[in-house]
Amino acid sequence: MCGIVGYIGMQNAAPILLEGLKKLEYRGYDSAGIAVMQNGSIAVSKVTGRIAALAEKTEHGSLLPGTVGIGHTRWATHGAPTDANAHPHTSNDGRFAVVHNGIIENYLELRKELMEKGYHFDSETDTEVVVHLMEMYYQGDLKQAVMRTSARLCGSYALGILCSDEPNRMFAVREASPLILGVGVGENFFASDVTALVAYTRNAIYLDDGEFAELTPDGIQVYDCTGQPFRKKVSRISWDIQAAEKGGYEHFMRKEIMEQPRAVKATMAPRLKDGQVVLDDMEIDLHGIRKIVITACGSAYYAGCAAKYAIEKLCHIPVQIELASELRYSDPLIDATTLLIVLSQSGETADTIAAMKECQSHGAKALAIVNVVGSTIAKLADYCLYTWAGPEIAVATTKGYTTQLTALYLFALYGAKELRTVDEAEYQKKLQVLKALPKLMQQALDMNPNLEQLAKKYHRAHSMFFIGRNTDYAVALEGALKMKEISYIHAESYAAGELKHGTIALISEGQPVIALCCNDAITEKTMSNIVEVKARGAEVLAVACRDNQKIVSLADDMIFVPKVEPLFSAAVEIVPLQLLAYYVARENGCDIDKPKNLAKSVTVE
Ligand code: AGP
């Protein structure tokens with residue numbers, strides 16, 4: 001997954017491109033480059049490494065004067081991170097430059113065709129076929145060449161295209177990869193997401209798949225897939241710049257962990273009216289729904305695992321949780337009696353999009369719960385419930401996860417009301433718990449001053465086990481992922497009751513086991529699992545409610561959480577585990593906001 005930016009106007013483009021790429025670096029950061037129109041030719045600068053290296057190489061853009069340009073920050077898919085594989089790619093005749101986010105799935109056949117026609121390739125990337133197709137199809141009509149090129153491509157692509165024969169215009173093309181146009185005064189922009197635009201304009205045009213746009217300093221013309229011009233709505237970007245900055249915290253992740261009570265409240269508040277849950281202006285008919293399938297990837301998948309209990313208990317509808325990367329190829333038993341719930345912070349995860357399309361093709365209606373307005377999943381869904389978490393910049397999601405949970409809890413209560421599966425008293429009781437979540441999350445943020453000490457104790461561990469039962473197990477799944485992806489310590493989540501069926505063989509002296517024990521109904525059972533692992537030498541860090549004094553005598557270390565109705569407890573229980581992972585990663589000197597090998601949104605398969 002990569003980030004692309006473009007600028008055309010009166011200012012020097014390079015500094016603006018560099019600033020925009022910095023905002024998109026979370027999308028991929030193993031190489032970067034910019035191309036700027038200069039006196040009838042295109043100047044290009046590319047580096048292996050981060051945007052800072054590109055800024056240094058171009059002296060913050062001053063070495064590339066010019067008022068039209070495109071830029072790219074890469075997360076390698078085809079071809080290692082090298083200068084040659086970095087974008088922008090240029091045509092053999094030097095007249096075209098292209099930046100691309102996505103995957104050209106038929107690039108090998110196109111590469112073969114183009115090489116047979118005499119075009120030579122400088123890189124191993126799929127993207128380079130685009131710039132040679134542009135050269136091949138250009139006979140003086142740039143728009144026509146863009147259309148003919150796009151018509152040859154299969155796969156996903158957000159493209160930015162320059163042509164030195166036409167220095168006062170540039171093109172942006174969207175197919176299955178996000179692309180937003182920034183509308184300025186005497187200047188215009190394109191970018192992979194709004195964080196790269198808000199410093200310059202709050203007026204945005206969200207391109208849809210199959211659409212492309214011509215940008216000049218004085219205007220933007222959007223075209224449909226047939227090349228017909230049409231007027232596209234200009235939206236107002238509501239995110240403020242500070243919201244996308246660190247706000248004084250050392251890392252975006254720390255800021256976003258602390259923002260969770262506010263984010264959960266922002267997600268919930270507009271949907272609580274007169275003592276009822278209202279899901280925006282949606283009327284999701286649940287009568288006749290025999291099964292709910294929740295599909296997602298990574299933490300979003302784990303949010304589904306945690307919310308399953310609440311939806312089943314309150315709606316009396318069986319809930320199946322499916323990894324999107326599996327579901328998309330499983331020929332699922334899904335039809336119109338299935339409601340699909342799609343979870344995604346970015347709204348651009350390729351596997352999740354594909355799984356959604358597969359299920360919709362089987363007749364299921366899809367409810368998307370996403371954080372990014374205008375994202376692909378939001379547009380493809382039959383119903384869309386936005387999480388109002390604000391921009392989440394850290395690659396490891398935190399507020400994205402807890403606001404997804406919040407939206408799912410709201411849905412569960414909405415369904416219970418629609419289906420009359422709970423009486424009014426029970427409904428109101430659960431609603432009060434939901435309303436208290438922001439306060440309970442704040443308590444969870446504040447009640448463990450020992451977390452940094454615990455991180456100092458456990459940060460050298462080679463591996464960790466996160467165990468729990470029922471809702472605690474669902475939280476253990478996400479707690480383990482947080483630890484893995486930012487501290488690089490191997491961490492495995494395990495159903496506590498399952499340990500004795502083999503895995504307990506791995507427990508030896510000093511093995512850290514994080515035991516989640518917050519569900520009163522099964523606390524005793526989990527505590528016996530703690531005894532089992534302690535008998536084999538484990539070092540147990542227990543997560544429990546303060547009133548569970550028995551566990552204090554059992555565990556080696558304690559993390560406390562406020563007591564919460566188990567159906568809704570995941571959003572609270574996860575908070576200290578997020579902080580623990582954060583402090584352990586900091587002890588290990590890891591790049592917390594941009595962990596190695598990861599990208600914020602995986603828009604490739
Ligand atoms: C979470 O910390 C990870 N960065 C990753 O698992 C993420 O949740 C997953 O890639 C899904 O992303 P999405 O929510 O944007 O679809």
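This is a predicted model, so every value here is computed, not measured. Excluded from the calculations below are hydrogen atoms, water molecules and symmetry mates; all remaining heavy atoms, backbone and side chain alike, are included. Whatever order the structure lists them in is the order used to number ligands and atoms, beginning at 1.
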Hey, mind stepping through Glu326 and Ser330 against side-chain hydrogen bond (donor to acceptor under 3.5 Å, both in side chains) and telling me if it holds? CA-CA 6 Å; Glu326 290 294 311; Ser330 66; over 6 Å; no
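A salt bridge does not link Glu452 with Lys456: every distance from a Lys NZ or Arg NE/NH1/NH2 to an Asp or Glu carboxylate oxygen is 4.0 Å or more.
Within ligand 1, counting atoms from 1 as listed, the ones closer than 4.0 Å to a heavy atom of Ser299 are 1 (C), 2 (O), 6 (O), 8 (O). Of all atoms in ligand 1, listed by their number and element, those nearer than 4.0 Å to a heavy atom of Lys482 are 1 (C), 2 (O). For ligand 1, the atoms sitting less than 4.0 Å from at least one non-hydrogen atom of Ala396 are 2 (O), numbered in the order shown with element in parentheses. Within the listing of ligand 1, atoms 12 (O), 13 (P), 15 (O), 16 (O) sit less than 4.0 angstrom from a heavy atom of Thr349.
Nearest to atom 9 (C) of ligand 1 among the protein's heavy atoms is Cys297 O, 3.7 Å. For atom 2 (O) of ligand 1, the closest heavy atom belonging to the protein is Glu485 OE2, 2.4 Å. Taking atom 4 (N) of ligand 1 as the reference point, the nearest protein heavy-atom neighbour is Val395 O, 2.8 Å. What sits closest to atom 10 (O) of ligand 1 on the protein, heavy atoms only, is Val602 CG2, 4.2 Å. From the protein, the heavy atom lying nearest to atom 14 (O) of ligand 1 is Gln345 N, 2.7 Å.
The list of ring-ring contact (aromatic ring centres under 6.0 Å, His included) pairs with a residue in residues 441-483, not counting sequence neighbours, is empty.
By the criterion of a heavy-atom distance under 4.0 Å, both the backbone and the side chain of Ser344 are placed next to ligand 1.
In this structure, His251 and Tyr582 have perpendicular ring planes: the angle between them is above 60°, well past the 30° mark.
The shell of residues lying under 4.0 angstrom from ligand 1, judged by heavy atoms, excludes Glu348.
Using modelled atom types, one side-chain atom of Ser192 and one backbone atom of Ile4 make a donor-acceptor pair closer than 3.5 Å.
Residue Lys600 has no nitrogen or oxygen atom sitting less than 3.5 Å from a nitrogen or oxygen atom of ligand 1, judged on distance alone.
Taking the side-chain contact (heavy atoms from CB on, under 4.5 Å) definition, one finds that Gln442 meets it with Pro261, Leu445, Asp446, sequence neighbours left out.
Atom NZ of Lys291 is surrounded by more than 12 heavy atoms from other residues, nucleotides or ligands within 6.0 Å.
Side-chain polar atoms of Thr376 and Glu348 form a donor-acceptor pair below 3.5 angstrom.
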